[in-house]
**Student:** 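Mind having a look at this structure? Questions to follow.
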Amino acid sequence: MANRILVAGGAGYIGSHVQKQLLEEGFEVLVFDDLSSGDEVNILDGAEFIRGNILDKDVLDMAMSQDIDGVVHLAAKKAVGESMVYPEMYAENNISGSINILNAMVNNGVKHIVFSSSAAVYGMPQYVPIDEKHPINTINYYGYTKRAIEENMEWYARLGKLDFAALRYFNAVGYAKDKSIRGKERNPQNLMPIIMEAATGKREKFSIFGNDYDTKDGTCVRDYVHVSDLAKAHTLALKKLMAEGQSFTLNLGTGLGTSVKEIVDATEKVIERKLNYDYAERRAGDPATLTANAKKAYEVLGWKPEYTDVEEIIRTVWNLEL
Ligand code: UDP
């Protein structure tokens, strides 16, 4: 019988790509999502769907009791700025909601969880590329919620309740090449969807935050990893947990650094016209450079990103508009 996976936050941007990868690999998929930021169009044919919020323990328990073999948990709020203004909202949604998931798993004998963590746990880099041994020095509340959940999973694992894979994403970008996922994020806060809104006329212009960083062109450098590559890492991680039952924590990035200006230039090339943007003040809390050392993901999972060319990645987004 196929393994049955509950994907919390499965209707979201990364969750929908995880859903697709699971279905393609023959898993049964039960999406659990409250559609607060996810989109119903992202529930793919072949997936089951329960509309529920992870703060609702009864619905969560009902979902978890349906012969679930493993969980992928991506249900979270993720706007860094917002988390610094409304930490209580992030505490409840991200931390309490995740504890509810862990407890529903324990109550129903579900052993394996792949958790959507973030490079935000590291805070300001002391060196780049960042490996998993880099000190944890979280500087925003969003990142803290991710670390708090990792720590809880570490305790639950130590106490024999479950095993986990914590996947620390760098900058997720792109869309499935076959255009099967079309849901766009509402009120995006991240660079790529903001640029795309400018490219499609939904937004008049955008700003590049800072051009006086100590980088190749003065704009911030990030590690942009394609969402389909990220999704693949989730199924690899799940299979590993199911086979071996040993917990692990990994960075997911390409190891390549791309500046904001390079992303903008590459987008202009792909869309074949100029974008309307200006340079604005630095955004608080932005490190100049943040790139991943993802050797461990290769060693543990055999994971290697297929997409390494930003233009190709941007094309997977732009194609949705054509
Ligand atoms: N950025 C920008 N303009 C925007 C949004 C983001 O210049 O409208 C920059 C941001 O300062 C950072 C990079 O783009 O250097 C990636 O930001 P994003 O919020 O996408 O991800 P983060 O690296 O903060 O996780």
Side-chain angles (χ1 to χ4, degrees), residues 12-14 37 74 76-85 90 94 116-125 128-130 134 136-147 167-175 184-227 230 251-268 275-292 294 307 310 313-314 316-317:
Y13 166 55
I14 299 177
S37 59
L74 319 96
K77 298 211 162 281
K78 60 161 192 167
V80 171
E82 185 182 60
S83 78
M84 298 295 272
V85 182
Y90 278 70
N94 291 12
S116 160
S117 189
S118 169
V121 300
Y122 296 113
M124 281 294 171
V128 285
I130 289 185
H134 185 285
I136 300 287
N137 186 19
T138 310
I139 56 162
N140 57 61
Y141 193 75
Y142 161 76
Y144 168 71
T145 67
K146 292 291 173 182
R147 182 59 197 146
L167 305 181
R168 294 175 177 162
Y169 313 152
F170 282 65
N171 291 62
V173 283
Y175 270 81
K184 299 225 183 77
E185 293 184 276
R186 292 185 290 270
N187 303 317
Q189 311 275 332
N190 295 108
L191 179 67
M192 199 65 237
I194 286 176
I195 292 181
M196 274 304 143
E197 286 192 352
T200 55
K202 196 167 172 215
R203 147 191 319 258
E204 205 192 314
K205 69 177 192 78
F206 66 96
S207 296
I208 293 182
F209 301 142
N211 61 353
D212 56 353
Y213 286 97
D214 184 17
T215 58
K216 45 189 154 188
D217 57 23
T219 67
C220 287
V221 168
R222 294 288 179 275
D223 186 326
Y224 294 93
V225 53
H226 194 277
V227 66
L230 283 183
N251 288 341
L252 295 179
T254 61
L256 303 168
T258 308
S259 74
V260 176
K261 180 70 165 65
E262 285 173 331
I263 293 281
V264 172
D265 291 348
T267 307
E268 289 183 335
L275 286 163
N276 188 15
Y277 65 93
D278 60 15
Y279 287 96
E281 290 296 299
R282 290 182 176 197
R283 191 174 67 176
D286 263 345
T289 299
L290 197 59
T291 54
Y307 289 89
V310 283
I313 291 176
I314 293 164
T316 65
V317 189

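Order of appearance sets the numbers: ligands from 1, and atoms from 1 within every ligand.
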**Student:** What are the atoms of ligand 1, with element, lying closer than 4.0 Å to any heavy atom of Val260?
**Tutor:**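 The list of qualifying atoms is 7 (O), 9 (C), 13 (C), 14 (O), 15 (O).
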**Student:** For Arg283, counting its heavy atoms only, list the atoms of ligand 1 lying under 4.0 Å from any of them.
**Tutor:** 6 (C), 10 (C), 11 (O), 12 (C), 17 (O), 18 (P), 19 (O), 22 (P), 24 (O)
**Student:** Has Lys146 got a side-chain atom pairing as donor or acceptor with Ser116's backbone, closer than 3.5 angstrom?
**Tutor:** yes
**Student:** Could you tell me, atom by atom, which parts of ligand 1 come under 4.0 Å of a heavy atom of Cys220?
**Tutor:** 15 (O)
**Student:** Any idea which atoms of ligand 1 are less than 4.0 Å away from a heavy-atom of Asp286?
**Tutor:** 10 (C), 11 (O), 12 (C), 15 (O)
**Student:** Check the pair Lys78 / Glu185 against salt bridge (charged side-chain N to carboxylate O under 4.0 Å, His left out), numbers first and verdict last.
**Tutor:** CA-CA 12 Å; Lys78 60 161 192 167; Glu185 293 184 276; 2.7 Å; yes
**Student:** Under the 3.5 angstrom rule, does the side chain of Ser118 hit a backbone N or O of Arg168 as a donor-acceptor pair?
**Tutor:**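 Such a contact is absent between Ser118 side chain and Arg168 backbone.
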**Student:** Report, in ascending order of atom number, the atoms of ligand 1 lying under 4.0 Å from any heavy atom of Asn190.
**Tutor:** 18 (P), 19 (O), 20 (O), 21 (O)
**Student:** Enumerate the atoms of ligand 1 whose separation from the nearest heavy atom of Ile208 is less than 4.0 angstrom.
**Tutor:**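 Within the 4.0 Å cut-off of Ile208, ligand 1 contributes 7 (O).
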**Student:** Return the closest protein heavy atom for atom 20 (O) of ligand 1 as residue, atom name and distance.
**Tutor:** Leu191 N, 2.8 Å
**Student:** Look at the side chain of Arg282 and the backbone N and O of Asp212, then say whether any donor-acceptor pair between them is shorter than 3.5 Å.
**Tutor:**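 Checking the backbone N and O of Asp212 against the side chain of Arg282, a donor-acceptor pair under 3.5 Å is found.
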**Student:** What atoms in ligand 1 come closer than 4.0 Å to a heavy atom of Tyr224?
**Tutor:** 13 (C), 16 (C)
**Student:** Counting only heavy atoms, which portion of Phe209 has something under 4.0 Å from ligand 1: side chain, backbone, both, or neither?
**Tutor:** both
**Student:** If you have a sec, work out which protein heavy atom is nearest atom 3 (N) of ligand 1 and how many Å separate them, to one decimal?
**Tutor:**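 Ranked first by proximity to atom 3 (N) of ligand 1 is Ser207 O, 2.7 Å.
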**Student:** State whether a side-chain donor-acceptor pair under 3.5 Å links Thr145 with Asn94.
**Tutor:**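 Their side chains do contain a donor-acceptor pair, which is all the 3.5 Å distance test asks for.
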**Student:** Decide whether Asn251 and Tyr122 meet the rule of one side-chain donor and one side-chain acceptor closer than 3.5 Å.
**Tutor:**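 Distance-only check passes for Asn251 and Tyr122.
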**Student:** Heavy-atom pairs closer than 4.0 Å: do any link ligand 1 to the side chain of Thr219, the backbone, both, or neither?
**Tutor:**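 For Thr219, no heavy atom sits under 4.0 Å from ligand 1.
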**Student:** Side chain, backbone, both or neither: which part of Gln189 comes within less than 4.0 Å of ligand 1 when only heavy atoms are counted?
**Tutor:**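 The part of Gln189 near ligand 1 is the backbone, not the side chain.
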**Student:** Between Lys216 and Glu262, is there a salt bridge with N-O shorter than 4.0 Å?
**Tutor:** yes
**Student:** Which residue supplies the protein heavy atom nearest to atom 23 (O) of ligand 1, what is that atom called, and how far is it?
**Tutor:** Arg222 NE, 2.8 Å
**Student:** Could you tell me whether Lys261 and Asp265 make a salt bridge, using a distance below 4.0 angstrom between a side-chain N and a carboxylate O?
**Tutor:** yes
**Student:** Distance to 0.1 Å, residue and atom name: give those for the protein heavy atom nearest to atom 25 (O) of ligand 1.
**Tutor:** Asn171 ND2, 3.7 Å
**Student:** Taking the six-membered ring for Trp, are Tyr144 and Tyr90 ring centroids under 6.0 Å apart?
**Tutor:** no
**Student:** Can you tell me which portion of Ala119 lies within the under-4.0 Å heavy-atom range of ligand 1? Options are side chain, backbone, both, or neither.
**Tutor:**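 Neither part.
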**Student:** Is it the case that Ser207 and Asp278 place a side-chain donor and acceptor less than 3.5 Å from each other?
**Tutor:**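 Yes.
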**Student:** Show the atoms of ligand 1 that are less than 4.0 angstrom away from any heavy atom in Ile194.
**Tutor:** 8 (O)
